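Reading through the structure tokens given below for one structure.
Keep in mind the model is a prediction, meaning the values are calculated, not measured. For the numbers below, each heavy atom of this structure counts, side chains included, while hydrogens, waters and symmetry mates do not.
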Amino acid sequence: MDDRTHTADAEPGERVTVAGWVHEVRDLGGIAFLILRDRTGKIQVKFATDEMDDELVDAGTNASRESVLSVTGTVEEEPRAPTGVEVVPESVELLAPAEPELPLDPSGKVDADLSTRLDNRTLDVRAGESKAIFEIRAEILRAVREYFRSVGCTEINTPKIVATGTEGGTELFPLTYFGQEAFMNQSPQLFKQLMVGSGLERVFEVGPIFRAEEHNTPRHLNEATMIDFESAFIDHNEAMDVCEGTLLAAYEAVAENCQEQLEVLGYGDSFAVPDAGFPRLTYEEAIERINATGELEEQLLWGDDLPTEGEKALGADVGGHYFITDWPSEIKPFYIQDRDDDPQLSKGFDLMHPEMELVSGGQREHRYDALVEGFEQQGLDPEAFEYYTKMFKYGMPPHAGWAYGVERLVMTMLGLGNIREAVLFPRDRQRLSP
RNA sequence: GCCCGGGUGGUGUAGUGGCCCAUCAUACGACCCUGUCACGGUCGUGACGCGGGUUCAAAUCCCGCCUCGGGCGCCA
């Protein structure tokens with residue numbers, strides 16, 4: 001396989017070896033076509049069945065769909081071939097046969113249910129929409145990393161096994177760590193903050209988080225991927241600028257570099273990069289606008305968290321990405337700083353897509369006394385977080401940050417109906433394997 | 001966790017008490033076909049989630065369980 005050529009690279013006149021999966025065999029009698037597929041595309045292999053060696057013809061035309069073949073031959077220009085070229089084979093080697101009955105059809109002629117696809121993810125990602133989704137997901141992460149580097153961030157990795165219980169909110173997965181109680185981490189939050197106090201100042205992380213909530217919706221996972229950002233010497237408004245920049249960078253990169261994949265997903269030229277300058281609504285304005293839509297049976301009151309229905313009503317009203325700022329302090333975690341002019345309000349924000357929340361962030365409390373007080377107010381024991389709080393005694397700069405759910409970003413960007421489409425091997429309430 | 005709707009050949013489906021030893025597409029097998037590109041044609045193969053019940057008769061109705069999807073809750 002040393003001299004393997006990718007199908008997209010095959011030039012007329014060359015002698016090549018292409019290797020890939022049997023996408024389809026079309027046997028017309030005296031002539032037969034084998035469509036071979038690799039990660040770069042498809043190429044046609046022609047068998048003149050009466051003229052070629054029987055063994056060669058059999059090797060090509062009797063291969064079952066999705067078998068792995070290596071074909072050596074000459075590339076010829078052929079206007080009648082799908083890609084304008086075809087391979088006239090000299091030899092065909094069966095590298096790995098596929099059983100004739102497949103658990104799903106990778107060519108996409110017959111749909112398969114999501115659960116069938118997830119049970120057979122390898123086959124599902126062989127071709128078509130799923131492959132396009134994960135290629136785009138990779139491009140998003142590439143563009144996001146590049147954007148972070150361009151604004152001076154250092155990529156970090158924080159522990160996923162942690163000792164302290166919840167920092168608030170969610171249920172955690174417990175585990176035993178050499179006889180000690182431990183948990184799968186719900187978020188890099190506290191660790192990334194500790195690193196803005198280091199000489200790194202500006203950090204980001206792309207990594208998994210684990211939440212043990214028994215939710216059962218098309219937009220929640222128990223293992224998700226977060227893009228976390230945290231920076232010293234910025235406030236929540238600047239954090240929102242970076243947040244918007246990251247999102248735009250991701251959309252632009254996909255628009256520019258993933259035309260083929262967008263085509264497969266049915267976008268063609270209709271893929272739109274959002275306009276810069278996302279509206280920034282205060283929580284109070286958000287509530288008023290939701291109430292004004294009349295979509296909710298009961299009016300929201302100040303202090304309520306936004307119900308799913310309210311988020312959707314507001315999303316439809318705004319019609320694009322937007323921020324919600326100035327959340328009530330009491331529904332934001334302890335590490336979010338309160339507004340100086342009104343301690344009832346926090347410097348926390350959310351970035352919303354019309355369908356759902358994408359990002360949560362804010363300016364952090366960097367003052368030791370206020371931080372410890374915040375723990376107590378939320379009923380948490382500051383002692384348990386001493387590894388965190390004590391570093392606020394040694395020069396913790398003002399800082400702000402946020403975190404994206406990667407799967408939600410992919411899902412909303414591509415209009416996917418279920419978040420599981422955006423993860424290779426989703427972990428949800430029911431699914432632990434594969 | 002609550003509510004609603006599903007589970008029928010390998011895959012996706014039709015079928016709401018007898019007309020069903022179950023429809024269609026695709027797949028698979030055999031044969032025919034020299035330019036297909038979702039190739040075409042002929043013939044064939046293959047299924048009612050599990051357990052219990054009602055009935056002369058159950059894919060269809062009832063109960064329990066398992067399982068999938070949607071809405072909500074929980075969740076940032």
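- For the pair A:Phe173 CZ and B:C74 C1', the computed distance is 14 Å after rounding to whole Å.
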Got a list of protein N/O to nucleotides 66-71 of chain B N/O distances below 3.5 Å?
from, atom 1, to, atom 2, distance (Å)
B:G70, OP1, A:Asn418, ND2, 3.1

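- Atom CG of A:Asp27 and atom P of B:C28 are 13 Å apart (whole Å).
- A:Leu306 has its CG atom 12 Å from the P atom of B:C74, to the nearest Å.
- If you take atom C1' in B:G73 and the same atom in B:C4, they sit 15 Å apart, rounded to whole Å.
- Between the C1' atoms of B:A25 and B:G9, the separation comes to 13 Å (whole Å).
- On a pure distance criterion of 3.5 Å, a polar donor-acceptor pair joins the side chain of A:His220 and the base of B:C75.
- The gap from the C1' atom of B:U23 to that of B:U8 amounts to 11 Å, rounded to the nearest Å.
- Note that the CZ atom of A:Phe233 and the NE2 atom of A:His366 stand 9.5 Å from one another [nearest 0.5 Å].
- Across the P atoms, B:G53 and B:A14 are found 30 Å apart, a figure rounded to whole Å.
- Side-chain contact, A:Lys42 with A:Thr40: no donor N or O sits under 3.5 Å from an acceptor N or O.
- Across all strands shown, A:Glu311 has no heavy atoms under 4.0 Å from either base or sugar-phosphate atoms.
- Closest to the side chain of A:Ala112, out of B:G12, B:U36, B:G73, is B:G12.
- Under the 30°/60° scheme for interplanar angles, the aromatic rings of A:Phe148 and A:Phe204 are found to lie parallel.
- The distance between atom CG of A:Leu102 and atom C1' of B:G9, rounded to the nearest whole Å, is 15 Å.
- Checked against B:G73, B:U11, B:A76, the side chain of A:Val110 finds its nearest nucleotide in B:U11.
- Counting non-hydrogen atoms under 4.0 angstrom, A:Ala81 reaches a base of the nucleic acid.
- In the model, A:Asp317 has no side-chain atom that pairs as donor or acceptor with a side-chain atom of A:Thr293 under 3.5 Å.
- Proximity of A:His236 to A:Thr325: side-chain heavy atoms (C-beta onward) are nowhere separated by under 4.5 Å.
- Nearest nucleotide to the side chain of A:Thr116, out of B:C75, B:U11, B:U36: B:U11.
- Here the P atom of nucleotide B:A27 and the CZ atom of A:Arg65 are 6 Å apart, to the nearest Å.
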Determine whether A:Asp9 and A:Arg39 satisfy the following criterion, salt bridge (Lys or Arg N to Asp or Glu O under 4.0 Å), listing intermediate values before the conclusion. CA-CA 12 Å; A:Asp9 301 335; A:Arg39 72 170 189 270; over 6 Å; no
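- Across all strands shown, A:Trp402 has no heavy atoms under 4.0 Å from either base or sugar-phosphate atoms.
- Comparing A:Asp305 and A:Gln44 along RNA chain B, the residue whose closest nucleotide (by nearest heavy atom) sits nearer the 5' end is A:Gln44.
- Here, B:U42 and B:G18 have their C1' atoms 34 Å apart, quoted to the whole Å.
- With 3.5 Å as the limit, one finds a donor-acceptor pair spanning the side chains of A:Glu213 and A:Thr170.
- With hydrogens and angles left out, the side chain of A:Glu213 and the base of B:G73 share no donor-acceptor pair within 3.5 Å.
- One can place NE2 of A:His215 at 17 Å from P of B:C2, the figure rounded to the nearest angstrom.
- Taking the six-membered ring for Trp and thresholds of 30 and 60 degrees, A:Phe278 and A:Phe323 have ring planes inclined between 30 and 60 degrees apart.
- Paired regions of RNA chain B, where each region holds three or more successive Watson-Crick or G-U pairs whose two hydrogen-bonding distances fall under 3.5 Å, are B:1-7 with B:66-72, B:10-12 with B:24-26, B:27-32 with B:40-45, B:49-53 with B:61-65.
- A:Arg420 approaches A:Leu221 most closely through the heavy-atom pair CG-CD2, 4.3 Å.
- Rounded to an integer number of Å, the gap from CD of A:Glu171 to P of B:G73 is 18 Å.
- At the phosphate of B:A27, OP1 or OP2 sits under 4.0 Å from a side-chain N or O atom of A:Lys109.
- For the P atom pair drawn from B:A58 and B:C20, the interatomic distance equals 16 Å after rounding to whole Å.
- Spacing between B:G6 and B:U16 at atom P, rounded to whole Å, works out to 13 Å.
- Each of A:Trp327 and A:Asp111 has a nearest nucleotide on RNA chain B; the 5'-most of these lies closest to A:Asp111.
- Between A:Arg339 and A:Asp235 there is no salt bridge, since no side-chain nitrogen of the basic residue lies less than 4.0 Å from a carboxylate oxygen of the acidic one.
- A side-chain donor from one of A:Thr225 and A:Glu407 sits under 3.5 Å from a side-chain acceptor of the other.
- Contacts of A:Pro100 with the nucleic acid, taken as non-hydrogen atoms under 4.0 Å apart, involve only primed sugar atoms and P, OP1 or OP2.
- The P atoms of B:G49 and B:A59 are separated by 10 Å, rounded to the nearest whole Å.
- Nucleic acid contact class of A:Glu66 (heavy atoms, under 4.0 Å, all strands): none.
- If you check every strand for non-hydrogen atoms under 4.0 Å, A:Arg211 touches sugar and phosphate atoms only.
- By the 30° and 60° cut-offs, the orientation of the rings of A:Trp302 relative to A:Tyr283 is perpendicular.
- Of the listed nucleotides (B:G35, B:G10, B:A76), B:G35 has the atom at the smallest distance from the side chain of A:Lys46.
- Atom pair A:Glu407:CD and B:A76:P shows a separation of 16 Å (rounding to whole Å applied).
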